[in-house]
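All remarks here apply to the structure that follows.
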Amino acid sequence: MTVLIKNVSLFDGINDTLRTDCCIQIDNGLITAISAQPDPDCRYGQVIDAAGFTVIPGLIDAHTHIAFSDTFQALDRMTAEEVAVRSTVIAREMIERGFTTVRDVGSNCYGLKQSIDAGFVPGPRIYPSYGALSQTCGHADYRQNRAQRSDFNRGLEDSSMMRQGHLILADGVPQCLKRTRDQVFMGASQIKIFGGGGASSLFDPLDTIQYTREELRAIVETVSNYGSYVCSHIHAGPAMKIAIEEGVKSLEHATFMDDEIARQCLDREVWVVPQYATAEKIAQRQIPLDSEILYQKTERVGKGLLRQAELVEKYGLKCAFGTDLIGTPEVHARQNDEFSARKRFFGSFRGLKQATSEAGQLLKLSGLLDPYAEGALGVLCDGAYADLLLVAGNPVADLNILANADNIKMVIKGGNVIKDIRPTQF
């Protein structure tokens with residue numbers, strides 16, 4: 001079916017000037033024409049009138065954990081079936097908030113992605129890392145107490161999350177190679193590792209360097225051989241330097257950045273994916289964590305990201321929109337709060353690009369492992385996926401408009417209407 005969207009005021013994901021009074025034609029899930037007038041010879045199966053709204057690309061969240069629907073302690077008491085069913089709620093609400101594509105950087109969302117792509121449940125396109133890789137006693141070692149000691153004869157059966165493949169331990173070059181290839185076999189579009197300590201794990205200090213250069217090099221080389229890239233959870237400056245030098249292309253958080261690291265990122269075209277609103281909310285204790293230790297670590301992260309944002313702006317670093325929300329649907333519902341933080345640090349136009357065309361560029365680094373190679377993402381142009389939103393107001397001028405998901409009146413993914421809450425007069 002050919003779809004026509006008429007009376008369009010268009011933000012294409014790239015330019016700060018809206019294109020007005022144009023039409024978008026959609027065929028087989030892709031944009032096939034953006035023109036001043038509809039094709040007089042075409043018989044349209046559906047016509048959507050966008051008068052009074054701004055049309056923008058579908059939003060991209062480049063740092064999600066879509067299968068994580070509660071705290072880690074709660075998740076560790078759930079079966080795989082519980083986690084999978086709950087993830088469908090997270091996915092549906094995520095796309096209704098305007099996020100038509102996400103990069104999942106650590107969770108076993110295989111069944112969810114397959115079900116979304118097959119049309120069984122609504123949700124965004126998912127660029128999955130599947131199981132995120134960590135050294136023992138690293139950030140993905142989510143055993144909740146030291147009684148859950150490792151038994152190499154039977155694995156880590158005391159941890160349900162690890163048993164389900166959300167988080168994977170790999171020590172030494174042979175294991176790193178094996179576990180990396182396992183995730184590629186499952187369909188990972190990029191590989192996520194934990195290259196340093198974390199704020200939400202109990203037994204690894206925030207400033208630790210995790211993975212040796214040899215282990216990291218083996219992972220990066222393996223993924224590069226498949227045409228894709230490695231992204232790394234990382235906070236500490238020394239760990240970031242090692243990751244950049246060994247070929248990691250996306251630094252998740254990148255909290256304690258300094259000028260030297262910023263210049264390295266600029267020279268080597270390394271992306272940074274921070275999460276300002278989430279870090280602030282956790283530091284202010286607005287998002288539940290499992291212990292006082294975790295709150296103390298996250299307070300440092302929240303403060304560190306303020307300085308990091310200045311460096312991202314100063315050096316014009318490649319920066320994608322991400323939220324990193326983990327928790328109940330009520331926690332995930334705060335996803336759009338990140339737009340207010342991005343406006344504060346980068347202004348409306350650049351903040352919006354980070355969630356559209358710039359995030360789309362990052363996802364396309366997946367190369368040969370790209371699960372959605374047929375079209376462009378984060379932009380509205382000929383040949384792009386027909387993922388777009390009708391928004392009340394102009395978020396190019398005021399990004400705070402997107403902080404309220406009620407301002408997103410229509411969500412279209414692949415040419416199909418997912419959400420439509422336009423007033424009846426439209």
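Values below: every heavy atom of this structure, side chains too, minus hydrogens, waters and symmetry copies.
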Sequence neighbours excluded, the answer for side-chain hydrogen bond (donor to acceptor under 3.5 Å, both in side chains) partners of Y385 is E374
I'd like to check I95 versus V411 (side-chain heavy atoms, cut-off strictly below 4.5 Å). Are they in contact?
yes
Do NZ/NE/NH1/NH2 and the carboxylate oxygens of R307 and D258 come within less than 4.0 Å?
no
Output yes when D182 and K178 qualify as a salt bridge under the 4.0 Å nitrogen-oxygen rule, no when they do not.
yes
F321 and F339: ring-ring contact (aromatic ring centres under 6.0 Å, His included), yes or no, with the steps?
CA-CA 9 Å; F321 183 101; F339 288 108; 4.6 Å; yes
What's the verdict on ring-ring contact (aromatic ring centres under 6.0 Å, His included) for H63 and H253, showing C-alpha distance, side-chain angles and the deciding distance?
CA-CA 9 Å; H63 191 115; H253 317 303; 5.0 Å; yes
Taking only Lys NZ, Arg NE, NH1 and NH2, and the carboxylate oxygens of Asp or Glu, determine whether E338 and R342 approach each other closer than 4.0 Å.
yes
Do L133 and F194 have side chains that get closer than 4.5 Å, going by heavy atoms?
no
Electrostatic pair D61-R103, nearest N-O below 4.0 angstrom
no
Here the ring-ring contact (aromatic ring centres under 6.0 Å, His included) pairs for residues 354-384, sequence neighbours left out, are Y127-Y372
Are more than 12 heavy atoms, taken from residues, nucleotides or ligands other than E221, located less than 6.0 Å from that residue's CD atom?
no
Are K249 and E269 ion-paired here, with the side-chain N under 4.0 Å from a carboxylate O?
no
Inspect the surroundings of OH in Y110 and state if more than 12 heavy atoms from other residues, nucleotides or ligands are less than 6.0 Å away.
no
Between N394 and T54, is there a side-chain donor-acceptor contact under 3.5 Å, judged purely by atom types and distance?
no
